[in-house]
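This report refers to the structure that appears directly beneath it.
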Amino acid sequence: MEIHPESCKCEAKSPNLSHMQSYTIGQAARLLGVSPDTARRWADAGRVATHRDDSGRRLINGKDLAAFSIEVGQSAGAEEDASYTSARNAFPGIVTAVKLGDVAAQVEIQAGPHRLVSLLTREAVEELGLEVGMQATARVKSTSVHIDRT
């Protein structure tokens, strides 16, 4: 389920927050590779900031979730050696960095404990509208990482 920024009544101090993509606790949990209960506990403990929409659902700002996903990914990699690969090698996650050059671009995605980096054309990044805090899926085939907007 996609959350539209127009439906978000934000309690945050930043006036630009209402124009940013936000995620429900369940969506954030899926992107972080944890249960919704774990994501809810992290939000309750103040590890990641939330705000409420008009219907009272707790949402997490996309940029906050991107930063938090890096923190979780780094700590998860240090704590466990479990593999989270899938049969199709698809890694749904959140965009944590986009670096644009004149012709080429670099996109980083944090998918649970995995940090994936893809080099692609600037045109492809612009066409997909990729930006930090956005949900995306990295698809790995051999040594190539393909980015799909989800």
Side-chain angles (χ1 to χ4, degrees), residues 1-8 10-36 38-39 42-43 45-51 53 58-150:
M1 178 175 159
E2 185 174 318
I3 303 300
H4 297 282
E6 306 82 49
S7 67
C8 174
C10 301
E11 299 171 4
K13 298 170 186 100
S14 171
N16 294 331
L17 186 61
S18 63
H19 300 293
M20 197 172 302
Q21 183 166 356
S22 294
Y23 298 91
T24 65
I25 295 290
Q27 290 170 322
R30 191 179 88 249
L31 293 169
L32 294 168
V34 299
S35 73
T38 297
W42 286 341
R47 288 189 62 192
V48 63
T50 63
H51 58 279
D53 67 7
R58 285 200 305 180
L59 302 175
I60 301 171
N61 161 314
K63 287 189 179 182
D64 290 342
L65 184 59
F68 184 65
S69 72
I70 293 171
E71 176 188 323
V72 169
Q74 290 171 342
S75 66
E79 294 171 7
E80 58 187 62
D81 293 328
S83 176
Y84 290 96
T85 60
S86 70
R88 294 180 176 235
N89 297 321
F91 296 85
I94 187 165
V95 176
T96 57
V98 176
K99 297 173 186 161
L100 297 174
D102 290 337
V103 176
Q106 178 178 314
V107 176
E108 295 182 26
I109 292 179
Q110 192 72 40
H114 305 289
R115 176 180 165 260
L116 297 116
V117 179
S118 180
L119 300 175
L120 56 165
T121 65
R122 178 186 181 116
E123 181 181 6
V125 171
E126 290 171 347
E127 202 172 283
L128 290 169
L130 295 174
E131 58 186 48
V132 172
M134 176 177 281
Q135 185 175 342
T137 300
R139 298 191 189 280
V140 179
K141 181 176 181 187
S142 186
T143 59
S144 298
V145 177
H146 303 269
I147 305 294
D148 297 330
R149 184 167 172 185
T150 49

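Residues take their numbers from the sequence shown, with the count starting at 1.
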By side chain to side chain donor-acceptor pair (under 3.5 Å) - contacts of [X] (at least two apart):
X      : result
Ser35  : Thr38
Glu126 : Arg122
Glu131 : none

Where do [X] and [Y] come nearest, in terms of heavy atoms and distance?
X     : Y      : value
Pro92 : Thr137 : CA-OG1, 3.8 Å
Gly62 : Ile94  : O-CD1, 3.5 Å
Ser69 : Thr96  : OG-CG2, 3.6 Å
Ile60 : Ala49  : CG2-O, 3.8 Å

Rounded to the nearest 0.5 Å, how far apart are CE of Met134 and CD1 of Ile147?
->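 Met134 atom CE to Ile147 atom CD1 measures 12.0 Å (nearest 0.5 Å).
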Taking side-chain contact (heavy atoms from CB on, under 4.5 Å) as the test, write out the residues that go with Ala29, two or more places apart.
->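 Here the qualifying residues are Val34, Pro36, Ala39.
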Ala124: side-chain contact (heavy atoms from CB on, under 4.5 Å) partners, not counting sequence neighbours =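 Partners of Ala124 by the side-chain contact (heavy atoms from CB on, under 4.5 Å) criterion, ordered by chain and then number, come out as Leu120, Thr121.
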Cut-off 3.5 Å, no hydrogens considered: what does the side-chain donor-acceptor table look like for residues 101-112, sequence neighbours left out?
residue, atom, partner, partner atom, Å
Gln106, NE2, Glu108, OE2, 3.3
Glu108, OE1, Arg115, NE, 3.1
Glu108, OE1, Arg115, NH2, 3.4
Glu108, OE2, Arg115, NH2, 3.3
Gln110, NE2, Gly112, O, 3.2
Gln110, NE2, His114, O, 3.4

Does the pair Ile25 and Thr50 meet the rule for a side chain to side chain contact (heavy atoms under 4.5 Å, CB included), with working shown?
-> CA-CA 9 Å; Ile25 295 290; Thr50 63; 4.3 Å; yes
N/O donor-acceptor pair under 3.5 Å between Tyr23 side chain and Gln135 backbone =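 Yes; at least one donor-acceptor contact below 3.5 Å.
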